[in-house]
Amino acid sequence: MSTTRTSDLWWRNAVIYCLDVDTYLDWDGDGVGDIEGLTERVDYLAGLGVTCLWLMPFQPSPGRDDGYDITDYYAVDPRLGSLGDFVAFIRTAKDRGLKVIIDLVVNHTSDRHPWFKASRAGQDSPYRDFYVWREEPAEEPKSEPVFPDAEDSIWTRDEKAGMWYLHHFYSHQPDLNIANDEVREEIARIAGFWLQLGVDGFRVDAVPFLLETGGISGAEELDPHDLLADLRSFVSRRNGSAVLLGEVNLPPDDLVTYFGQENGNELHMLTNFPIMQTMYLALARRESQPLADALRALPEIPDDSQWANFVRNHDELTLDQLTADEREEVFAAFGPEEEMRIFDRGIRRRLPPMFDGDQQRIRLAYSLLFTLPGTPVLFYGEEIGMGENLDVPGRLSVRTPMQWDDDPSAGFSTGKPAKLHRPVVSGEFGPMAINVKEQRGRADSLLTWMQRAIRRRKETPEFGWGRLSVLDSGDSAVLAHSCRWEESTVLAIHNFSPEPRVVQVTLKPDAEGNLALDDLLDEGSVVEAEDGILELKLDGYGHRWFRARRPGRPVTP
Ligand code: TEU
């Protein structure tokens, strides 16, 4: 296995961990998580085995969209700490070998950003064209607001300016005008600032909306993908190993264009929403077919590009790419009550409560996360099986304080629960039952399983680098797939049924003789495929990982 390639694109074999500073650890006892607290937990994260941290927005914000409404791109929200704290955190993370990426939220600002205040103040403001103003709302694009519970249009009239402005999200998040060169210059300046402070790249927020030029006068000739190509070129000049992970929630054939039409000259990584959504359909049906079909239909991607896979993220579990009937199947299985649903398209729950705490089924989902082709992205608290607090409004139900121990404030803060920035989870998935401290010492805990799985995933770069093949398992409940990279083939098998299964997986049709495979999760055990057929017994919701032995090479330890 080529050692050069496994290291030269760190993000292709990374294990990314997304967290929100204000719900991770409160070091000064004011009830709000802070950068000092996060710094105190860097060793925990290094010990968990993740290799890259993704920080959700931490810049100054009125907090009307949990920080995705920024008022100063070049500062740290004083509630969370200072730029000095941030640099100390970066140094600590780097010292432990962790990469750090941060959200780049430049589709819009907060309406309280000085730019917007200046822009609405008058036509002659230097910031006037930082935003998209019209005398009347434009007919195009026909975009619907992303948050239909709060907005009925993507245009709002500003009384002071006497004009309408564009906003794809909340009306307090006016879209920046990416057709304006000064805006594009400023985006590069923002990226350059944080790269200089040591970040290793960005999770680029709401990319399709960022590139949407409909409604912008004079943007007809603009190719918005040039913006991504320019950003990629700029970021790579400043830090050749920096990564751009794009949030792009689109169908596969549209999604793949955001890697860049000229052999991957735009975003390095893309969130794979289609695979995530079909995975939930397969999990709901207890049938592998929807996911197997979606994997087979995945388009080719440029050589040095990568899918970013996830089970849950900080937003709703969106099901907007499924058909209405399919969505209803998933709603019935995992979000049966109205209060669990949001925007008529998603579920505002974390995974363990959706699975009624079934530990085997939970492990099945995260085994898929770690073995599907791409880079796995964990959302904080998934490693211990945290639940959600549906009493917390909207999408924030899944963004509750990290549960470190069984204290009523979850070990998140020395403040009393009533003082916390956001209430902890209550009930069976709350800190009394689900917390880091209790699981650290328990051999059969989810946390212990996660640490082992993450370690094995990092030792198996074939899953991150390899070419996918969906194999015939002979059983519609069982997904068998392999990833082949250079001389090595690894295999993952997942049983979506609660019932045990015996399957015969065709590894190599018409093969002759025996092929030995090392079990990657049950170290030391070996299975044999006779004439290319591997017969296996799988537990209900069982999962197995293997590496085929290579002639003349040492076996997997
Ligand atoms: O979300 C952008 C976005 O498009 C999501 O609404 C996504 O489409 C949805 O989750 C899938 O249906 C990003 C952030 O993730 C979100 O938290 C912010 O509220 C939003 O941008 C605005 O910045």
Side-chain angles (χ1 to χ4, degrees), residues 16 18-23 54-59 61-71 73 101-113 116 141 143-151 154 166-176 178 187 190 202-212 245-251 254-255 258 267 269-280 308 310-322 326-327 330-331 335 341-350 377 379-380 388 392-399 422:
I16 300 175
C18 172
L19 65 92
D20 207 351
V21 172
D22 64 13
T23 55
W54 155 22
L55 271 55
M56 290 166 60
F58 51 82
Q59 291 87 351
S61 163
R64 301 179 67 192
D65 186 17
D66 200 26
Y68 283 92
D69 47 332
I70 291 172
T71 55
Y73 285 101
I101 65 175
I102 66 172
D103 252 296
L104 185 64
V105 185
V106 289
N107 171 70
H108 52 269
T109 68
S110 162
D111 62 354
R112 299 181 198 171
H113 193 295
F116 188 71
S143 304
E144 294 302 315
V146 178
F147 304 133
D149 62 330
E151 309 293 345
I154 59 173
L166 178 65
H167 58 85
H168 282 93
F169 295 97
Y170 294 115
S171 56
H172 62 75
Q173 293 171 306
D175 280 22
L176 284 166
I178 61 138
I187 290 173
I190 293 163
F202 302 94
R203 177 266 188 182
V204 188
D205 187 59
V207 179
F209 303 92
L210 175 63
L211 298 196
E212 175 58 71
L245 163 55
E247 182 207 25
V248 182
N249 173 30
L250 290 172
D254 298 326
L255 178 59
Y258 288 77
L267 298 171
M269 300 176 77
L270 295 176
T271 47
N272 203 329
F273 279 90
I275 289 299
M276 181 277 289
Q277 299 192 33
T278 49
M279 179 181 73
Y280 276 96
F310 59 104
V311 168
R312 284 293 287 117
N313 64 4
H314 63 285
D315 285 325
E316 77 279 10
L317 193 181
T318 187
L319 302 163
D320 61 354
Q321 293 190 36
L322 300 181
E326 292 169 340
R327 190 160 40 251
V330 181
F331 275 157
R341 304 177 187 185
I342 188 168
F343 310 140
D344 287 335
R345 68 171 182 248
I347 296 174
R348 60 191 199 95
R349 305 180 81 187
R350 282 178 174 248
V377 182
F379 182 46
Y380 80 90
E388 73 281 342
V392 179
R395 293 166 292 150
L396 301 187
S397 54
V398 301
R399 306 183 201 175
R422 197 161 292 149

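We count ligands from 1, going down the list as the structure has it; atoms in each ligand are counted the same way. By convention here, the first residue in the shown sequence is residue 1. As the structure is a prediction and not an experimental result, all values here were calculated from the model.
- Under 4.0 Å from ligand 1, not a single heavy atom of Gln277 appears.
- What you find for Arg327 and Leu319 is that their closest heavy atoms are NH1-O, 2.8 Å.
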Go through the steps to decide whether Asp65 and Gln173 satisfy the test side chain to side chain donor-acceptor pair (under 3.5 Å), and finish with yes or no. CA-CA 9 Å; Asp65 186 17; Gln173 293 171 306; 2.9 Å; yes

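- At least one side-chain heavy atom of Met279 sits under 4.5 Å from a side-chain heavy atom of Val311.
- Using a 4.0 Å heavy-atom cutoff, Arg395 is listed among the residues neighbouring ligand 1.
- Close to ligand 1: Arg399, with a non-hydrogen atom less than 4.0 angstrom away.
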Where do Gln321 and Asn249 land on the side chain to side chain donor-acceptor pair (under 3.5 Å) test, with the steps shown first? CA-CA 9 Å; Gln321 293 190 36; Asn249 173 30; 3.0 Å; yes

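- For the pair Arg345 and Phe273, the cation-pi criterion (under 6.0 Å, within 45° of the ring axis) is not fulfilled.
- Relative to atom 13 (C) of ligand 1, the option among Ile70, Asp69, Asp205 with the closest non-hydrogen atom is Asp205.
- When heavy-atom distances to ligand 1 are checked against a 4.0 Å cut-off, Phe343 has no atom that comes that close, whether in backbone or side chain.
- In terms of protein heavy-atom proximity, atom 9 (C) of ligand 1 is nearest to Glu316 OE2, 3.2 Å.
- The shortest side-chain heavy-atom distance between Phe343 and Arg348 does not fall under the 4.5 Å cut-off.
- For Tyr170, the heavy-atom gap to ligand 1 stays at 4.0 angstrom or more.
- Of the polar atoms of Gln173, none of the N or O atoms is found under 3.5 Å from an N or O of ligand 1, judged by distance alone.
- Proximity of Asn313 to ligand 1, defined as any heavy-atom pair under 4.0 Å, is not found for any part of the residue.
- Atom CG of Asn313 is separated from atom CZ of Arg399 by 8.5 Å, given to the nearest 0.5 angstrom.
- Counting only heavy atoms of the protein, atom 5 (C) of ligand 1 lies nearest to Glu247 OE2, 3.6 Å.
- Rounded to the nearest 0.5 angstrom, Cys18 SG and Arg203 CZ are separated by 7.5 Å.
- When heavy-atom distances to ligand 1 are checked against a 4.0 Å cut-off, Arg64 has no atom that comes that close, whether in backbone or side chain.
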